[in-house]
*Asks:* 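For reference, the structure I am asking about is given below.
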Amino acid sequence: MRRRPQLVPWTAAGQTSERQANGDDVVRTTGWVFNNETGSELTLEQFVATGDSEVPSYLTVFGLRTPGADGRTNDDKTLVEIGCGIGRMTCAFTREYGTVVACDLDAGFLERCIESVGKFGKVDRLRTSHVTDGKTLDLPPNSADVTFSYITLQHCEADDALELTSEAVRITRPGGKVVLNYRARGAQDIVLLPLGAVARALFRVPKFGPRLSQRRWAARLGWQANRLQPDELIGPLSPLLADIEIWRNPKSKISGRGAVVQEFDGINRHHYWLIATVR
Ligand SMILES: C[S@@+](CC[C@H](N)C(=O)[O-])C[C@H]1O[C@@H](n2cnc3c(N)ncnc32)[C@H](O)[C@@H]1O
């Protein structure tokens, strides 16, 4: 397998998380991986509370709490989350969906995710799936009603993000939804993306690379891996999708061919969501 430096900051953070005694310490030491906050006063409970407030608002705004024509509610449905981390949003998902399959590149994060959901969610509804190669979901076709991903696909190399997008469609049953978050191109990317590529190249250097990847600034640069545009996602997948929507912040101008544009001011103005029904 070719070396995959874009995975380095995550596995480094995952290993750091494995060394911590408990979830509170994980948030204190690696919180920056997720929300840029650090500090000895932070707790896992506060961290999960940010997911508790985001999840219901996204599900409501995106129409994911309304029972479909078949009358099934979320209690009867399966949500797959790509890039669950230590379970910031997963806890809330297990309160909404009958089954939640949390997927991540890093096995250490998956362990922490189980722990977080055990404390703050419904762990009997949780399964995990390790994304060992960063691009393939080890899940069967038609196994999800909703496949969701937040602040993850922007951190993958473009090819991997495209592959994970196709994988999301593959595992979602006909009539189910993909709800996938990406980062749009911005002026700062002229500098940020090349610096990110340099950081990832340096992560390959023996001994120095692994140490560098533990540095906050280097990891933050290194995970700036792609800025896919909606047409790059929709183009190859359009025969497989219906009701394609691009959700954006009202200040954003991003759109996609054949997609209905929807706006919600709760969306980060650098982000957008691709939401579509699988045919
Ligand atoms: C910024 S965190 C977001 C976690 C969570 N979605 C949230 O909002 O708190 C990104 C997560 O995606 C995972 N990740 C990064 N690249 C991935 C890939 N190629 N496949 C699966 N997971 C990946 C990382 O390990 C990390 O846990």
Side-chain angles (χ1 to χ4, degrees), residues 1-40 42 44 46-48 50-51 81-90 102-113 116 130-135 149-161 164 181-186 188-228 268 270-271:
M1 199 194 298
R2 77 184 161 94
R3 296 173 84 183
R4 304 169 68 75
Q6 77 276 16
L7 310 186
V8 170
W10 303 111
T11 45
Q15 283 159 12
T16 306
S17 86
E18 279 173 17
R19 286 197 292 272
Q20 308 309 313
N22 55 51
D24 290 333
D25 285 347
V26 172
V27 170
R28 286 169 194 147
T29 53
T30 66
W32 53 268
V33 168
F34 305 95
N35 64 354
N36 299 327
E37 283 189 41
T38 49
S40 58
L42 295 179
L44 179 63
Q46 290 168 332
F47 188 56
V48 167
T50 64
E81 182 186 11
I82 304 173
C84 60
I86 64 170
R88 189 181 72 89
M89 301 178 101
T90 323
C103 308
D104 204 281
L105 182 66
D106 190 84
F109 285 154
L110 291 175
E111 289 301 316
R112 291 295 180 187
C113 180
S116 304
H130 190 191
V131 189
T132 47
D133 65 359
K135 58 181 179 170
S149 186
Y150 186 51
I151 343 180
T152 295
L153 297 168
Q154 70 190 67
H155 297 312
C156 309
E157 289 288 351
D159 285 353
D160 289 358
L164 283 171
N181 171 269
Y182 303 84
R183 191 173 165 112
R185 218 170 274 149
Q188 71 277 27
D189 290 333
I190 296 168
V191 178
L192 220 47
L193 292 181
L195 285 178
V198 170
R200 291 195 298 281
L202 291 174
F203 293 158
R204 289 183 169 140
V205 178
K207 291 197 177 141
F208 172 73
R211 278 208 309 275
L212 182 71
S213 69
Q214 305 266 357
R215 300 271 170 183
R216 174 184 165 137
W217 61 267
R220 280 172 62 72
L221 279 179
W223 73 41
Q224 300 301 333
N226 81 69
R227 297 291 183 261
L228 287 166
N268 179 308
H270 299 296
H271 289 184

*Asks:* So does Ile86 get a backbone contact from the side chain of Ser116, meaning a donor-acceptor N/O pair under 3.5 Å?
*Replies:* yes

*Asks:* State whether the side chain of His270 and the backbone N or O of Arg183 hold a donor-acceptor pair below 3.5 Å, judged by distance alone.
*Replies:* no

*Asks:* For the CE atom of Met89 and the CZ atom of Phe47, what is their distance to the nearest 0.5 Å?
*Replies:* 10.5 Å

*Asks:* What do the steps show when you test Val131 against Asp104 for side-chain contact (heavy atoms from CB on, under 4.5 Å), and what is the final call?
*Replies:* CA-CA 5 Å; Val131 189; Asp104 204 281; 5.7 Å; no

*Asks:* For Arg227, which residues count as a salt bridge (charged side-chain N to carboxylate O under 4.0 Å, His left out) partner, sequence neighbours excluded?
*Replies:* Asp189

*Asks:* Specify the closest pair of heavy atoms between Ala199 and Ala218, including all atoms of both residues, with the distance to one decimal.
*Replies:* CB-O, 4.0 Å

*Asks:* Testing the basics here: between Val48 and Gly87, what is the closest heavy-atom pair and its distance to 0.1 Å?
*Replies:* CG2-O, 4.5 Å

*Asks:* Can you find a heavy atom in the side chain of Leu42 that is under 4.5 Å from one in the side chain of Asp24?
*Replies:* no

*Asks:* For the atom pair SG (Cys84) and CG (Leu105), what is the distance rounded to the nearest 0.5 Å?
*Replies:* 10.5 Å

*Asks:* Can you tell me how far the CH2 atom of Trp217 sits from the CG atom of Leu212, to the nearest 0.5 Å?
*Replies:* 5.0 Å

*Asks:* Distance-only, no hydrogens or angles: does the Thr152 side chain make a donor-acceptor pair with backbone N or O of Tyr150 under 3.5 Å?
*Replies:* yes

*Asks:* How long is the gap from OH on Tyr182 to SG on Cys156, to the nearest 0.5 Å?
*Replies:* 9.5 Å

*Asks:* Quick check for you: to the nearest 0.5 Å, what is the distance between Asp159 atom CG and Leu164 atom CG?
*Replies:* 11.0 Å

*Asks:* I want to check something: taking the side chain as every heavy atom from C-beta on, are Asn268 and Ile151 in contact at a cut-off of under 4.5 Å?
*Replies:* no

*Asks:* Using 0.5 Å steps for rounding, measure from the NE2 atom of His130 to the CG atom of Leu110.
*Replies:* 6.5 Å

*Asks:* Find out whether Lys135 and Glu157 are in side-chain contact, i.e. whether some heavy atom of one side chain is under 4.5 Å from a heavy atom of the other.
*Replies:* no

*Asks:* Do the side chain of Asn181 and the main chain of Ser149 share a donor and acceptor less than 3.5 angstrom apart?
*Replies:* no

